[in-house]
Amino acid sequence: MKESVERAINDQIQEEFQSAYVYLSMSARFEELNFKGAAKWMRMQWHEENTHALKFFDFLIRRGGCPNLQALTSPDVSFDTPLEAFEIALGREREVTSLIHELYELAVDKKDYSLRTLLHWFIDEQVEEEEAVEEIIQSIKLAGDSGEGLFLIDRELGQRAGEETEK
Ligand SMILES: [Fe+2]
Ligand SMILES: [Fe+2]
C-alpha cells in the first residue's frame, strides 16, 4: 500500500474514533439533562462509530499496513437543548462526509482499487447518517417548545435498540 494512502487511512481511523468520542460525550450530557432516550441513541452512535474505525483498522492490517492510533481531543458538547445537540451531530457528520470523499479522491488518484471498494460502503453510510440526523432535527423543530412533543421524541430515540448486537 502506498504510504500516503496508509497515512490517510490512519487519519480517518482517528476521525471515526473522534466521532465516537463526540457521541459518547453527548450521551453523558443528555443523561445530565434527563433525556434518557437521546442518551441511549448517542451511546448507540458511539458504538457505530467505533465499528467504522475498526473497519479501517482491519482493512489496514489486511493490506499489510499498520494502524497507528492518534490522540483524540476532548469534545465540546456544552449544549442545552436536543436541537443544539443534533445540529452539532449533523455538522460533525457533514465534516466526516467530506473527509470520506477526499479519501475516495486519493484512492482514485493513487489507483487503490480495494480502498475504493471499501469506501463505497462509507459513502452510502454517510448519506444514511446525515439523513437520520436531519430527520431527528425536523421532528424536534416540529415539536417546537412542546414539552410533550420532546418527551415523545425522546422516547422514540430510546427505542433505537438492538443495533449494538447487529453490527
Ligand atoms: Fe463514521
Ligand atoms: Fe457518523
Side-chain angles (χ1 to χ4, degrees), residues 1 5-31 35 37-63 65 67-79 81-108 112 114-140 153-154 156-167:
M1 195 189 322
V5 173
E6 184 170 349
R7 215 176 312 125
I9 295 173
N10 268 312
D11 288 347
Q12 193 58 36
I13 291 174
Q14 190 266 350
E15 294 290 348
E16 299 295 343
F17 278 131
Q18 187 64 40
S19 288
Y21 223 34
V22 167
Y23 287 120
L24 192 60
S25 299
M26 284 188 165
S27 177
R29 179 65 181 141
F30 270 127
E31 291 283 358
F35 283 105
K40 187 174 174 193
W41 191 95
M42 289 292 170
R43 199 184 170 96
M44 293 287 181
Q45 196 59 28
W46 163 76
H47 177 77
E48 203 164 309
E49 298 298 348
N50 280 328
T51 67
H52 295 171
L54 287 175
K55 272 183 200 278
F56 284 116
F57 184 97
D58 291 339
F59 178 79
L60 260 188
I61 291 172
R62 290 175 68 197
R63 295 280 308 279
N68 174 20
L69 297 182
Q70 301 168 26
L72 300 177
T73 57
S74 178
D76 174 22
V77 290
S78 51
F79 59 83
T81 65
L83 183 60
E84 278 176 70
F86 282 95
E87 272 169 351
I88 295 173
L90 184 58
R92 176 70 196 153
E93 288 306 329
R94 284 181 174 158
E95 225 175 279
V96 171
T97 298
S98 55
L99 291 172
I100 294 283
H101 291 173
E102 277 172 31
L103 193 51
Y104 190 82
E105 277 166 33
L106 182 72
V108 171
D112 195 318
S114 55
L115 178 58
R116 281 172 65 172
T117 303
L118 176 75
L119 289 172
H120 289 155
W121 184 88
F122 277 95
I123 290 168
D124 290 344
E125 175 69 10
Q126 283 309 118
V127 173
E128 274 178 34
E129 292 212 333
E130 283 189 29
E131 199 182 9
V133 175
E134 275 164 0
E135 269 177 31
I136 294 167
I137 289 175
Q138 285 314 313
S139 323
I140 296 172
I153 290 166
D154 187 59
E156 203 178 307
L157 290 173
Q159 278 159 5
R160 179 183 180 177
E163 283 178 39
E164 202 155 359
T165 46
E166 272 171 38
K167 291 199 174 177

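From a predicted model like this one, the values you see are computed outputs, not experimental measurements. Both ligands and their constituent atoms are indexed starting at 1 by order of listing.
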- Item | Rounded distance [0.5 Å steps], CD in E48 versus CE in M42 | 12.0 Å

- Task: Measure the spacing between CG of L72 and CD of Q18 and express it to the nearest 0.5 Å.
- Result: 5.0 Å

- Task: Please report the C-alpha distance between R29 and E84 in whole Å, then the side-chain angles of each, then the deciding distance to 0.1 Å, and finally whether the salt bridge (charged side-chain N to carboxylate O under 4.0 Å, His left out) criterion is met.
- Result: CA-CA 12 Å; R29 179 65 181 141; E84 278 176 70; over 6 Å; no

- Message: So that I can tick it off, tell me whether R94 and E134 are bridged by a salt bridge, with the cut-off set at under 4.0 angstrom between side-chain N and carboxylate O.
- Response: yes

- Message: So, at under 2.8 Å, which protein N, O or S atoms would a careful student list around the Fe ion (ligand 1)?
- Response: E16 OE1, E49 OE1, H52 ND1

- Task: Classify the side-chain pair Q126/E130 by whether it contains a donor and acceptor separated by less than 3.5 Å.
- Result: no

- Just wondering, more than 12 heavy atoms not from Y21 lying within 6.0 Å of its OH? no

